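Taking it in order: structure first as structure tokens, then the write-up.
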2 protein chains.
Amino acid sequence: MLVNPEAEDASRIVEETLFQHGLLLVVGRCSVRYIGRAESKLEPGERMLIIKEDGSLLVHRSTGYEPVNWQPPGCVYHSQARNGVLEIQAVRHRPSESVKVSFDRIFLTSGMNLADSGEFSLHASEEDMHKAILIRPTLLEEGFKPISYEKKVDPGFLDVYGQDSQGRLVVIEVKRKTAGKQAVIQLAKYVESIRGKADRQVRGVLAAPDIAKGVQTLLSGLSLEFKRLDPKKCAETLQQSKATKLATFFKETEMDDR
Amino acid sequence: MLVNPEAEDASRIVEETLFQHGLLLVVGRCSVRYIGRAESKLEPGERMLIIKEDGSLLVHRSTGYEPVNWQPPGCVYHSQARNGVLEIQAVRHRPSESVKVSFDRIFLTSGMNLADSGEFSLHASEEDMHKAILIRPTLLEEGFKPISYEKKVDPGFLDVYGQDSQGRLVVIEVKRKTAGKQAVIQLAKYVESIRGKADRQVRGVLAAPDIAKGVQTLLSGLSLEFKRLDPKKCAETLQQSKATKLATFFKETEMDDR
DNA sequence: AATTAAATTTCGCCT
DNA sequence: AGGCGAAGTTTAATT
């Protein structure tokens with residue numbers, strides 16, 4: 001790690017870190033040029049450059065959640081120090097594009113190796129809600145039996161698909177947030193598609209924590225139903241039934257995707 | 001800036017930097033808990049925490065373009081050091097959510113103030129392509145004369161609108177990338193809308209660097225046209241004609257938006 | 001404030 | 001490799 005280094009000294013850290021695929025951090029005054037899917041130019045200013053082990057690149061300004069310039073993982077790098085200017089260039093193909101960062105002043109540069117094997121788990125995502133219904137169908141309603149999930153139909157993918165206690169087909173559209181008009185339209189399309197092929201009655205159910213104001217009218221008008229489904233309860237259901245249990249579940253129920 | 005500090009010492013830098021809205025950087029071993037729109041848990045590992053002047057937060061692992069946890073600008077922070085553990089918590093409302101980062105080991109912490117007034121310009125955006133057509137209509141075709149741009153019509157806004165050398169109206173849908181089915185549908189809607197009101201023939205032109213495979217058939221079937229338009233050439237056109245020139249252009253041509 | 005549309009969207013899955 | 005759908009999408013523009 002170097003504080004206020006000359007470009008040539010910083011360059012040594014940069015090259016070494018890039019070579020051994022470490023995490024590189026450079027803070028200083030730079031300009032950035034991007035050419036690829038679009039083109040951009042960033043005039044000189046003080047920013048933070050991060051290059052990760054996997055070759056991804058981030059240029060962050062002092063404000064804003066998003067990087068001002070970036071490259072996804074898999075970039076190839078080239079760097080050089082000349083006339084007190086440190087240039088770092090990232091290139092990737094498919095699509096062909098490149099980002100060039102030129103530092104004329106460097107406050108801090110550091111090469112690191114972060115050991116990180118910690119697991120990341122995201123709960124109560126929409127996919128978790130799908131799974132929760134599969135594991136505990138009563139979350140939706142008594143007697144519901146899932147047949148398939150993320151089933152491909154004409155207009156796209158329907159979330160969960162099954163039959164109710166009376167043998168009617170049930171098409172379920174799941175939303176993690178308050179369901180709006182768009183969700184109803186989507187459900188309607190799926191139901192229509194299934195009705196065209198099925199030989200039995202088909203119900204359409206919108207499952208979400210809440211439904212937007214006024215949308216209930218639209219839903220009722222299309223003879224569709226709303227069922228309240230709490231993401232938190234879904235997450236709890238998943239937590240109770242561990243990943244291993246889920247695996248056996250899929251084997252035991254032998255879901256038919258005809 | 002501190003290297004391998006105790007939590008209590010790091011805490012001083014953190015608090016001060018947060019207080020004066022500087023850029024905060026903490027690298028170390030941490031766990032992260034997020035609760036809000038969804039919920040997530042990140043088990044201990046070595047990561048980089050960035051908190052910006054505007055209150056945005058980023059937790060970056062050693063790989064991946066995207067942060068593993070984050071918060072948009074406008075968060076309120078609370079931090080404390082206890083039993084050798086540094087805890088930093090970001091809270092925001094609307095939607096209500098929070099991220100808590102707990103460091104049990106710190107490699108590096110730094111508070112900075114980045115002076116950055118450099119302008120960022122993204123060229124060859126779709127809007128740039130609109131402007132380029134206005135400045136040099138021959139980019140589209142000989143004899144084309146723009147009448148208005150971003151004109152409000154029933155289904156939305158059409159990109160550019162004008163008349164050709166034979167006095168026919170021309171509706172142009174511009175895409176910066178390969179135009180797909182959606183672009184054709186959009187153009188068709190606009191053309192239909194204009195045809196309903198116009199007293200002359202109306203042409204529909206899709207202007208893009210390329211057209212998706214198979215979409216040409218759809219386009220032809222609707223009696224619409226495709227014109228190749230290179231974003232790069234548009235960017236060059238804009239560069240030649242400076243912003244000042246553009247301003248006078250808008251004044252001089254007195255474009256009618258009836 | 002709510003809705004809609006675009007993004008150098010990214011990411012994942014399936015064809 | 002390309003295409004489609006989802007995202008804790010984010011962000012900006014518009015109603």
Side-chain angles (χ1 to χ4, degrees), chain A residues 32-42 56-59 63-75 90 92-99 120-130 150-159 173-178 180-183 186 190 212-215 231 235, chain B residues 32-42 56-59 64-74 90 92 94-99 120-128 150 152 155-157 159 174-178 180-183 186 212-215 231:
Chain A
V32 185
R33 189 75 211 273
Y34 158 72
I35 298 178
R37 287 166 290 180
E39 295 187 13
S40 77
K41 198 160 49 164
L42 178 59
S56 47
L57 174 148
L58 301 164
V59 179
T63 61
Y65 151 80
E66 288 191 328
V68 60
N69 283 109
W70 70 92
Q71 277 305 290
C75 287
R92 76 157 172 160
H93 305 281
R94 216 163 354 270
S96 168
E97 51 186 358
S98 89
V99 170
F120 176 74
S121 54
L122 180 64
H123 301 291
S125 63
E126 203 169 288
E127 198 184 335
D128 283 344
M129 291 174 75
H130 299 174
E150 290 176 6
K151 180 185 172 64
K152 178 92 171 84
V153 293
D154 187 26
F157 287 83
L158 55 81
D159 294 335
E173 174 68 21
V174 176
K175 286 291 159 198
R176 209 179 43 71
K177 298 184 290 190
T178 300
K181 201 196 302 174
Q182 210 52 47
Q186 205 160 15
Y190 292 150
K213 224 171 52 181
V215 176
Chain B
V32 185
R33 190 77 211 274
Y34 159 73
I35 297 177
R37 288 167 290 178
E39 296 187 12
S40 77
K41 198 160 47 166
L42 178 59
S56 47
L57 174 148
L58 301 164
V59 179
Y65 152 81
E66 289 190 327
V68 59
N69 283 107
W70 71 92
Q71 280 292 88
R92 77 157 173 160
R94 210 164 13 262
S96 169
E97 52 185 359
S98 88
V99 170
F120 177 73
S121 54
L122 181 63
H123 301 292
S125 65
E126 205 168 285
E127 197 185 337
D128 285 344
E150 290 177 5
K152 178 94 172 85
F157 287 84
D159 294 335
V174 176
K175 287 292 161 197
R176 209 180 44 70
K177 297 185 292 190
T178 300
K181 201 195 301 174
Q182 210 53 46
Q186 206 160 15
K213 227 170 52 180
V215 175

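Side chains included, hydrogens not; waters and symmetry mates left out as well; all remaining heavy atoms used. Everything quoted here is computed from the prediction, not taken from an experiment. Chain letters run A, B, ... following the sequence lines, proteins first and then strands; every chain starts at 1.
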Report summary line: Comparing nearest nucleotides in DNA chain D, the 5'-proximal residue of the pair A:Arg94, A:Lys175 is A:Arg94
Requested in this report: For A:His123 and A:Ala235, work out which heavy atoms get closest and say how close.
Outcome: CB-CB, 4.2 Å
Query raised in the report: What residues, two or more places apart in sequence or in another chain, satisfy side-chain contact (heavy atoms from CB on, under 4.5 Å) together with A:Lys177?
Result: none
Query raised in the report: Quick one: B:Leu58 CG to D:dG8 P, roughly how many Å, whole number?
Result: 16 Å
**Report entry** Taking every non-hydrogen atom, the tightest pair across A:Pro231 and A:Ala124
**Finding:** O-CB, 3.8 Å
Query raised in the report: What is the distance, rounded to the nearest whole Å, between atom CG of A:Leu158 and atom C1' of D:dC4?
Result: 15 Å
Contacts table for residues 64-73 of chain A: side-chain donor-acceptor under 3.5 angstrom, sequence neighbours left out:
| from | atom 1 | to | atom 2 | distance (Å) |
| --- | --- | --- | --- | --- |
| A:Asn69 | ND2 | A:Ser40 | OG | 3.2 |
| A:Gln71 | OE1 | A:Arg92 | NE | 3.4 |

Query raised in the report: Is there a side-chain polar atom (N or O) of A:Gln186 under 4.0 Å from OP1 or OP2 of D:dA6?
Result: yes
Requested in this report: Sugar-phosphate means primed atoms, P, OP1 and OP2; the rest is base. With that split, encode nucleotides 8-15 of chain C 5' to 3' as B, S or - using protein heavy atoms under 4.0 Å.
Outcome: BSSS----
Requested in this report: For C:dA5 and C:dT9, measure between their C1' atoms and round to the nearest Å.
Outcome: 13 Å
Query raised in the report: What does D:dG3 pair with, Watson-Crick or G-U, if both distances are under 3.5 Å?
Result: C:dC13
Report task. Under the side-chain contact (heavy atoms from CB on, under 4.5 Å) rule, what do A:Asp128 and A:Arg176 come out as? Steps first, then yes or no, please. Result -> CA-CA 9 Å; A:Asp128 283 344; A:Arg176 209 179 43 71; over 6 Å; no
Report task. Quickly work out the A:His93 NE2 to D:dA1 P distance and round it to whole Å. Result -> 12 Å
**Report entry** A:Asp159 CG to D:dA6 C1', straight-line distance once rounded to whole Å
**Finding:** 10 Å
Report task. Not counting sequence neighbours, which residues clear salt bridge (Lys or Arg N to Asp or Glu O under 4.0 Å) with A:Glu39? List them please. Result -> A:Arg33, B:Lys232
Query raised in the report: On a whole-Å scale, what distance lies between the P atoms belonging to D:dG8 and D:dC4?
Result: 22 Å
Report task. Calculate the interatomic distance between A:Glu126 atom CD and D:dA6 atom P; express it in whole Å. Result -> 7 Å
